[in-house]
Amino acid sequence: MTTVSQESLDIKEMEKAMKRVCVLLLALVLLLCACAKEANYTFQEDGTLSDGLGNTYRSAPVGYEPTNQGVEYGKIDDAIGETLYQVGTLDPKDYLTGAYSGGTTLFFYNADISLPTLWEMEASLCYLCQQDTNIITICTIGDGSQSGDATADKELIQTLIQQMQSAIENGESASIWPRTDVNETYQLKFYSKAWPAFYYNLTLAVCGSGTYLYDRQSKICIDTGDLLLPYYEASEPQTPPASDTSEASV
């Protein structure tokens, strides 16, 4: 008659315990996969976007655009079925974006967030971009990389913002828009470390009669004179802001 040692019994018990742990781990993985399925968003009658779980989003006004397109996160339940992505690695409960185009892009923010105005952002950098087939950053204003003087850069940014604020608050536009004498068009994307999810985008038009900065939201133009001339005339294309590894990356 064969006698089973205590050691053999202990090994069998350990094997059974390990099998139970493996089964539990597999069940947990399956549960997590089920929970991680694509989020679904629906437009409400008031125009807001809802995930059905208590999170409501508003569409950002024209001028605000995401700094980065992160991983795919969900879809809008409508005829188009627009895919939504995280903004970089930021919490999707706060911000969501459509496919990033470098220009006009669907950008949603949580209804509990109050977006700042351009002058409330405390912008520290400004990307001067040119649009051809793609949006190309031709220089960065704010870090001294183009001008050699970061302090002067930041003073220029504040001057432009203050001029635009004054014009918007007073309802005074230096020009009608669109203009018919445009020679070259650029974008100025203002960035703030306090608001890493988005840029505020202004249109810069170099015209036969002057150089104008246009705000699409207020439809106000300011005449910038030669303030930006050294930046757009002596610049070479760099990396687009959406894939930039500078402080604007998220």
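All heavy atoms count here, side chains included; hydrogens, waters and symmetry mates do not. On a predicted model such as this, the values are computed, not experimentally measured, just so you know.
With sequence neighbours excluded, the residues that form a side-chain hydrogen bond (donor to acceptor under 3.5 Å, both in side chains) with D153 are S147, Y231. Evaluation of the salt bridge (charged side-chain N to carboxylate O under 4.0 Å, His left out) rule for R58 yields no partner, not counting sequence neighbours. For T83, the side-chain hydrogen bond (donor to acceptor under 3.5 Å, both in side chains) partners two or more places apart in sequence, or in a different chain, are K75. Listed by chain and residue number, nothing satisfies the side-chain hydrogen bond (donor to acceptor under 3.5 Å, both in side chains) test with T56 (two or more places apart in sequence, or in another chain). F198 pairs by the ring-ring contact (aromatic ring centres under 6.0 Å, His included) definition with Y64, W195, not counting sequence neighbours. Taking the side-chain hydrogen bond (donor to acceptor under 3.5 Å, both in side chains) definition, one finds that Y200 meets it with D215, Q217, sequence neighbours left out. Residues meeting the ring-ring contact (aromatic ring centres under 6.0 Å, His included) test with Y212, sequence neighbours left out: none. Residues passing the ring-ring contact (aromatic ring centres under 6.0 Å, His included) test with F190, sequence neighbours excluded: none.
Judged as a salt bridge (Lys or Arg N to Asp or Glu O under 4.0 Å), the pairs with a partner in residues 165-188 (not counting sequence neighbours) are, in order, R179-D181. Residue pairs meeting the ring pair (Phe, Tyr, Trp, His ring centres under 6.0 Å) criterion with at least one partner in residues 136-175, sequence neighbours excluded, are absent. Counting only residues at least two apart or on different chains, the ring pair (Phe, Tyr, Trp, His ring centres under 6.0 Å) pairs with a member in residues 134-189 are W177-Y214, Y186-Y232.
When side chains are defined from C-beta on, L156 counts as touching L228, because their heavy atoms get closer than 4.5 Å.
Residues Y95 and Y85 are members of separate hydrophobic clusters, defined by side-chain heavy-atom contacts under 4.5 angstrom among Ile, Leu, Val, Met, Phe, Trp and Tyr. Taken together through direct or relayed side-chain contacts under 4.5 Å among Ile, Leu, Val, Met, Phe, Trp and Tyr, L213 and L229 form part of one hydrophobic cluster.
Within a 6.0 Å sphere centred on CD of E72, other residues, nucleotides and ligands contribute more than 12 heavy atoms.
We find the CG-CD distance between N170 and Q165 to be 9.5 Å, quoted to the nearest 0.5 Å. In this structure, CG on L49 lies 8.0 Å from CD on Q44, to the nearest 0.5 angstrom.
Scanning both residues, I222 and A167, for their nearest heavy atoms gives CG2-CB, 3.6 Å.
Relative orientation of the Y41 and Y73 rings is tilted, given thresholds of 30° and 60° on the angle between their planes.
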Only distances under 3.5 Å count here; give the side-chain donor-acceptor pairs of residues 109-117 to other protein atoms, sequence neighbours excluded, each with its distance to 0.1 Å.
from	atom 1	to	atom 2	distance (Å)
N110	OD1	D112	N	2.9
N110	ND2	K93	O	2.7
T117	OG1	W119	NE1	3.2
T117	OG1	E120	N	3.2
T117	OG1	E120	OE1	3.4

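Side-chain atoms of S173 come within 3.5 Å of backbone atoms of C221 as a donor-acceptor pair (strictly under, hydrogens ignored).
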